[in-house]
Amino acid sequence: MSQALQLHRDGPVAHLRMTRAQVHNAFDDALIADMTAALAQVADDANVRVLVLEADGVSFSAGADLHWMRGMAKASEEANRQDSLALARLMRTLDELPKPTIARVQGAAFGGGVGLVACCDIAIGVPEAKFGLTESKLGLLPAVISPYVIQAIGPRQARRYFATAEIFDAAEALRIGLLHQVVVADALDAAVQRQIDLLLKAGPLASASAKQLVRAVCAHHDGSRHDTDNAALIARLRVSPEGQEGLSAFLDKRKPAWTL
């Protein structure tokens with residue numbers, strides 16, 4: 001792990017922290033590669049049940065690093081394509097991580113930083129946080145992160161903020177669905193911990209599979225296919241060891257074995 005990123009375990013909770021506070025945790029190619037590798041490590045660790053994505057300093061992530069952008073502006077179209085694919089892999093790896101994820105947003109998030117927030121299952125921020133999809137100011141668009149941001153805030157809001165590049169506050173981020181909760185800075189860690197506690201009380205397989213269920217339902221347009229797939233899913237869960245333990249614990253009026 002580089003000095004720009006820290007990964008540490010606290011029991012079943014992994015904390016992935018961006019530590020480039022001096023540049024507002026902006027991305028460059030090294031940070032993108034390190035984050036992708038760290039997320040793959042978390043995905044493969046059977047002892048990790050929750051991931052918290054967090055950052056040092058006053059900003060969550062300012063998006064692309066200016067020095068990195070300057071270099072890419074002089075690179076070929078093919079080099080820029082490969083560079084963008086690396087960022088796309090990072091976003092997809094986070095979005096599809098087989099663990100519940102929480103974004104701890106202690107400060108501003110712009111561009112790709114908004115993408116990171118949108119890729120997490122739960123996002124909690126402070127009132128002072130600012131957000132912006134500012135690419136159009138540079139004659140660009142947030143293309144790589146667009147699938148995740150549109151899923152989070154919807155097409156109507158995306159059409160506005162992709163085009164205007166305007167900055168919006170935490171209250172607006174909450175209203176449009178980018179954040180789930182806004183709390184004062186002193187309460188941020190407690191709010192994150194509350195979500196961790198709820199996730200650890202849920203069945204590990206069930207909580208990890210929730211995003212897959214949502215994605216599958218949103219992808220299908222055939223009602224009968226929805227019914228067939230969802231019936232098959234709940235049947236698998238009911239007869240699985242986790243499902244059997246959860247049902248038995250409920251009927252026996254005790255806590256399930258996975259509760260910590």
Side-chain angles (χ1 to χ4, degrees), residues 7-17 35-54 88-105 115-124 147-148 151-152 177-181 189-260:
L7 176 63
H8 73 274
R9 281 265 311 277
D10 180 11
V13 182
H15 293 261
L16 185 59
R17 177 175 285 260
M35 288 188 73
T36 305
L39 290 170
Q41 181 179 336
V42 169
D44 291 338
D45 190 338
N47 295 314
V48 173
R49 290 181 52 189
V50 180
L51 171 74
V52 178
L53 181 61
E54 53 196 26
R89 282 191 291 273
L90 167 60
M91 295 294 167
R92 187 162 299 280
T93 301
L94 177 58
D95 183 67
E96 297 182 356
L97 195 78
K99 322 275 180 174
T101 55
I102 303 172
R104 179 189 180 277
V105 187
L116 291 177
V117 175
C119 284
C120 287
D121 302 315
I122 301 168
I124 304 173
Y148 315 106
Q151 287 174 5
L178 183 62
L179 292 179
H180 291 95
Q181 187 179 5
D189 287 332
V192 170
Q193 186 61 50
R194 179 176 182 274
Q195 295 300 310
I196 292 172
D197 292 343
L198 290 169
L199 290 167
L200 293 180
K201 289 177 182 177
L205 177 60
S207 62
S209 302
K211 70 183 78 181
Q212 298 171 9
L213 171 61
V214 173
R215 186 177 295 114
V217 169
C218 291
H220 286 329
H221 301 286
D222 182 339
S224 61
R225 176 69 181 275
H226 272 291
D227 295 343
T228 300
D229 288 352
N230 289 341
L233 171 61
I234 194 62
R236 287 197 303 272
L237 291 173
R238 285 177 181 171
V239 301
S240 70
E242 179 176 305
Q244 291 289 296
E245 168 62 12
L247 290 169
S248 295
F250 175 76
L251 295 172
D252 296 342
K253 297 182 179 180
R254 61 175 174 81
K255 292 182 178 180
W258 61 72
T259 302
L260 302 177

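The chain is numbered in sequence order, starting from 1. What you see is a predicted model; the values in this text were computed from it and never measured. When reading the values below, keep in mind they use all heavy atoms of this one structure, side chains included, and skip hydrogens, waters and symmetry mates.
- Between C119 and Y148, the closest heavy-atom pair is SG-CG, 3.5 Å.
- When only modelled atom types and interatomic distance are considered, D197 and Q193 share a side-chain donor-acceptor pair under 3.5 Å.
- Judged by distance alone, with hydrogens and angles left aside, the side-chain atoms of R104 form no donor-acceptor pair with the main-chain N or O of V52 at under 3.5 Å.
- Smallest separation of non-hydrogen atoms from V42 and A14: CG2-CB, 4.2 Å.
- Remark: D44 engages no residue in a side chain to side chain contact (heavy atoms under 4.5 Å, CB included) (not counting sequence neighbours).
- In this structure N47 satisfies the side chain to side chain contact (heavy atoms under 4.5 Å, CB included) test together with R9, D45, sequence neighbours excluded.
- The side chain to side chain contact (heavy atoms under 4.5 Å, CB included) test applied to R194 returns L198, not counting sequence neighbours.
- With H180 contributing its side chain and A123 its backbone, the two residues share a donor-acceptor pair below 3.5 Å.
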Any chance you could lay out the side chain to side chain contact (heavy atoms under 4.5 Å, CB included) test for L178 and V117, step after step, and finish with the verdict? CA-CA 7 Å; L178 183 62; V117 175; 4.0 Å; yes
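- Distance alone, capped at 3.5 Å, places no donor-acceptor pair between the K211 side chain and the D121 backbone.
- A distance of 8.5 Å separates CG of L94 from CG of L16, quoted to the nearest 0.5 Å.
- Taking each heavy atom of L7 and A38 in turn, the nearest pair found is CD2-O, 4.2 Å.
- Heavy atoms only, all atoms of each residue included: A257 and R254 are closest at N-NH1, 4.5 Å.
- In plain terms, the two heavy atoms of L200 and V50 that are nearest each other are CD2-CG2, 4.0 Å.
- Taken from OG1 in T101 to CG in D95, the straight-line distance is 8.0 Å, to the nearest 0.5 Å.
- Each of V105, I122, I102 was scored for a side-chain contact (heavy atoms from CB on, under 4.5 Å) with V192, with one residue passing: I102.
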From CA spacing to verdict: side chain to side chain contact (heavy atoms under 4.5 Å, CB included), L39, L51: CA-CA 9 Å; L39 290 170; L51 171 74; 3.5 Å; yes
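- Looking only at distances, a side-chain donor or acceptor of S207 sits under 3.5 Å from a matching main-chain atom of P204.
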For E96 and R215: C-alpha separation, side-chain torsions, deciding distance, then whether side chain to side chain contact (heavy atoms under 4.5 Å, CB included) applies. CA-CA 10 Å; E96 297 182 356; R215 186 177 295 114; 3.8 Å; yes
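- For K201 against W258, the heavy-atom pair with the smallest separation is O-NE1, 2.8 Å.
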